[in-house]
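Presented below is the structure to which this report refers.
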There are 2 protein chains.
Amino acid sequence: MTLRDVSEASGVSEMTVSRVLRNRGDVSETTREKVLAAAKQLGYVPNKIAGALASSRVNLVAVIVPSLRNMVFPEVMSGISEVLDDTPLQPVLGFTDYRPEKEEDVLYEMLSWRPSGVILAGLEHSAASRAMLKASGIPVVEIMDTDGEAIDAVVGISHRRAGRETARAIVRQGYESIGFIGTKMPLDHRARKRFEGFTEALAKDGREIVDQEFYEGGSGLLKGRELTQKILQRSPDLDFIYYSNDMIGAGGLLWCLENGVGVPQRLGLAGFNGMELLDGLPARLATMDAGRREIGRAAARIVAERASGALTETGQRLELAPNLQYGDTLRRPKV
Amino acid sequence: MTLRDVSEASGVSEMTVSRVLRNRGDVSETTREKVLAAAKQLGYVPNKIAGALASSRVNLVAVIVPSLRNMVFPEVMSGISEVLDDTPLQPVLGFTDYRPEKEEDVLYEMLSWRPSGVILAGLEHSAASRAMLKASGIPVVEIMDTDGEAIDAVVGISHRRAGRETARAIVRQGYESIGFIGTKMPLDHRARKRFEGFTEALAKDGREIVDQEFYEGGSGLLKGRELTQKILQRSPDLDFIYYSNDMIGAGGLLWCLENGVGVPQRLGLAGFNGMELLDGLPARLATMDAGRREIGRAAARIVAERASGALTETGQRLELAPNLQYGDTLRRPKV
DNA sequence: GTGAAAGCGCTAACAT
DNA sequence: ATGTTAGCGCTTTCAC
């Protein structure tokens, strides 16, 4: 089923059929109707492959994220979709599993479709990935993180700053013996940067982390419970725990509530992400909203404007301010 | 940057360059190395658009789901990715927002890229969508649900049966005054079918739902709390609440625990989905595992085998058995 | 083992 | 307002 078939069925040249189907150029109402009728009757679905080859226009935007298991990325995606829905552009998703080699493969695969733009998570990429992206001439928006050098445009928050601000707030509340629970971070650069900003801010205050606990694999409430129990057993004097994300933080919170650990007086807690999930828990965990949806929206807007030619500059830089929410677990009542 | 550039740079014909880059046919080791070196040096990325047009082979699989906000779909995706990672196929994701018209648009867009297969959620589609899919000649796998007529292959669970089995288990535990809390279901067919199966099984037992509460929009713990409070205020005699998903069920559970409602003695609870989240809560909500990841895997396997030609039959049908987990909220201790 | 020619299904550019 | 021609960058097919 090709344009030609529609052309023959409607007695109109292929070119005019093409014009009708794309709403391009002047076509008489009569011809238009004839063509549309024929196309519908035949169940014609255009071949974008041929169209893209002929026009060198591809209305696809490559979106490359580590995984969808981490609820952060579905939310970013939803921001991206929201904006692209009002444009001819369509997101195409690829996953890296947090592995640079896989990112490279996925990127290569994606670029071979000549998308109109690339949105990818993080600033850390293999040399080959960076080279490919630069050579592609396509608008590239790196998202989530602003601590580092961008290839082209970048939209995100500073995770170092997020860590620092959390640390300062904790110290300001008078907490003194601070522990940390988080993922092993060889490849989770954003978690690593938060940790670094956190320890750095503590150091400025002449403090350091008293105890820490790292884990591998996904984050779940259960793991938060276990590790919280473990770290408190080993270091019963801790009066604060900073978690690298809300999920394990929420697990820790539940454990504390059940085991009579007075939160936030005896022990303060904070997570990271501003996950919606936290809203219905017995107490609100302190967290920091990373503005994921807004990041998705902003990145999509940049790509859309660059792709449409409305925006010709490159290298846009948008750093959102992380928003600390004290919830019920960080504000220590004065004794 | 085209094949021709690589051809010129390496002094080898375009055809041979193409063979090297695709590992097709016999090429001498010398030529091979020359070509690879040139390609790498130039940073050549093949143009799949041209390749696909010439070969009429597209290693893309269209995956169409309502949204990623519902954690069910990221999990299905992860099953799909897992299987496709071992094949040349790549998933391309599209969202319908639970709207048939949007599904139609997305489908049209996707089919215009001539993918090697289509995986889409649910059995309910517009007539136009069904027509497109049938006319495409592409392997189609409908997932999640098996209650209805499939276009081609189908992998999922029977949501009617899921509802029925939950109802039977509830009755068997001696609960008598049963309420329901769930989404308004004009378009969530699977939730609707569970509800229908549920009421149907109760009816067989001479019972009906005593009170119900429907909500719109996303599911969150908070909503589960509110609606649980509301329904119990209105119908304090309820001794069981069936929720249309785990998220609101978990919210209800938390509310009950905090408000001294004895679970599961005074009030039993059950959700649906088998969400991992439930694992770390203070008590385990009864739920039914829908095997999302396995559904994704099985669907991807069918597409991969059909695309590779290893499987020529159409219309595969795989109904998984939903697995009821009693947790701590459905098994009533004998008094 | 390598190359030349033709063509995939469309659209840009230029007629008319 | 409509048609004609050429060609997008590859792969298929056939020749050597």
Side-chain angles (χ1 to χ4, degrees), chain A residues 1-36 38-39 42-60 88 108-109 111-116 135-138 309, chain B residues 1-36 38-39 42-60 88 108-109 111-116 135-137:
Chain A
M1 176 63 43
T2 70
L3 249 196
R4 175 178 219 119
D5 298 313
V6 181
S7 163
E8 282 168 8
S10 62
V12 173
S13 78
E14 286 188 45
M15 197 52 232
T16 300
V17 171
S18 167
R19 283 197 262 260
V20 171
L21 264 21
R22 287 177 300 142
N23 287 312
R24 276 283 152 69
D26 292 326
V27 180
S28 75
E29 199 45 43
T30 343
T31 335
R32 173 181 197 68
E33 279 164 17
K34 251 192 305 191
V35 169
L36 257 15
L42 294 172
Y44 172 70
V45 176
N47 186 329
K48 290 231 178 196
I49 297 175
L53 183 60
S55 66
S56 26
R57 254 191 292 278
V58 179
N59 50 355
L60 259 23
Y108 185 78
E109 179 73 19
L111 289 180
S112 71
W113 287 100
R114 304 292 188 264
S116 292
S136 72
I138 294 171
Chain B
M1 176 62 43
T2 70
L3 247 196
R4 173 178 218 119
D5 298 313
V6 181
S7 162
E8 281 167 7
S10 61
V12 173
S13 78
E14 285 188 45
M15 198 50 236
T16 301
V17 171
S18 168
R19 284 200 259 264
V20 171
L21 265 21
R22 288 176 301 140
N23 288 312
R24 278 281 153 70
D26 291 328
V27 180
S28 75
E29 198 44 42
T30 343
T31 338
R32 171 180 197 71
E33 278 164 18
K34 251 194 300 193
V35 170
L36 256 16
L42 294 172
Y44 172 70
V45 176
N47 186 329
K48 291 229 177 197
I49 297 175
L53 184 60
S55 66
S56 27
R57 255 191 291 277
V58 180
N59 48 355
L60 260 23
Y108 185 78
E109 179 74 20
L111 289 180
S112 72
W113 287 100
R114 304 291 189 263
S116 293
S136 71

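Since we're looking at a predicted model, the values are computed, not measured. Here is how names work: the chains are called A, B, and so on, in the same order as the sequence lines, proteins then strands, and each is numbered from 1.
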Looking only at non-hydrogen atoms, find the nearest pair between [X] and [Y] and report the distance.
{"X": "A:R22", "Y": "A:M15", "answer": "NH2-CE, 3.9 Å"}
{"X": "A:N59", "Y": "A:S116", "answer": "CA-OG, 4.0 Å"}
{"X": "B:L3", "Y": "B:E14", "answer": "CD1-O, 3.9 Å"}

Handout entry: Atom pair CG/OG1 of A:L36 and A:T31 - distance to nearest 0.5 Å
Key = 11.0 Å
Practice task
With rounding to the nearest 0.5 Å, note down the distance linking CH2 in B:W113 to NZ in A:K48.
Solution key: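 These two atoms lie 7.0 Å from each other.
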Problem - Sequence-aligned protein contact record of nucleotides 1-14 of chain C, with B where the base is within under 4.0 Å of a protein heavy atom and S where only the sugar-phosphate is - result: SBBB--BBBBBBB-
Practice task
Could you tell me which residues satisfy side chain to side chain donor-acceptor pair (under 3.5 Å) with B:S56, sequence neighbours excluded, listed by chain and number?
Solution key: none
Exercise for the section: Compute the angle between the rotation axes at the two ends of the helix from C:dG1-D:dC16 to C:dT16-D:dA1, each taken over five pairs, rounded to 10 degrees. Expected result: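 Terminal axis comparison yields 30°.
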Handout entry: Greater than 12 external heavy atoms within 6.0 Å of B:R4's CZ
Key =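 Result for CZ/B:R4: open.
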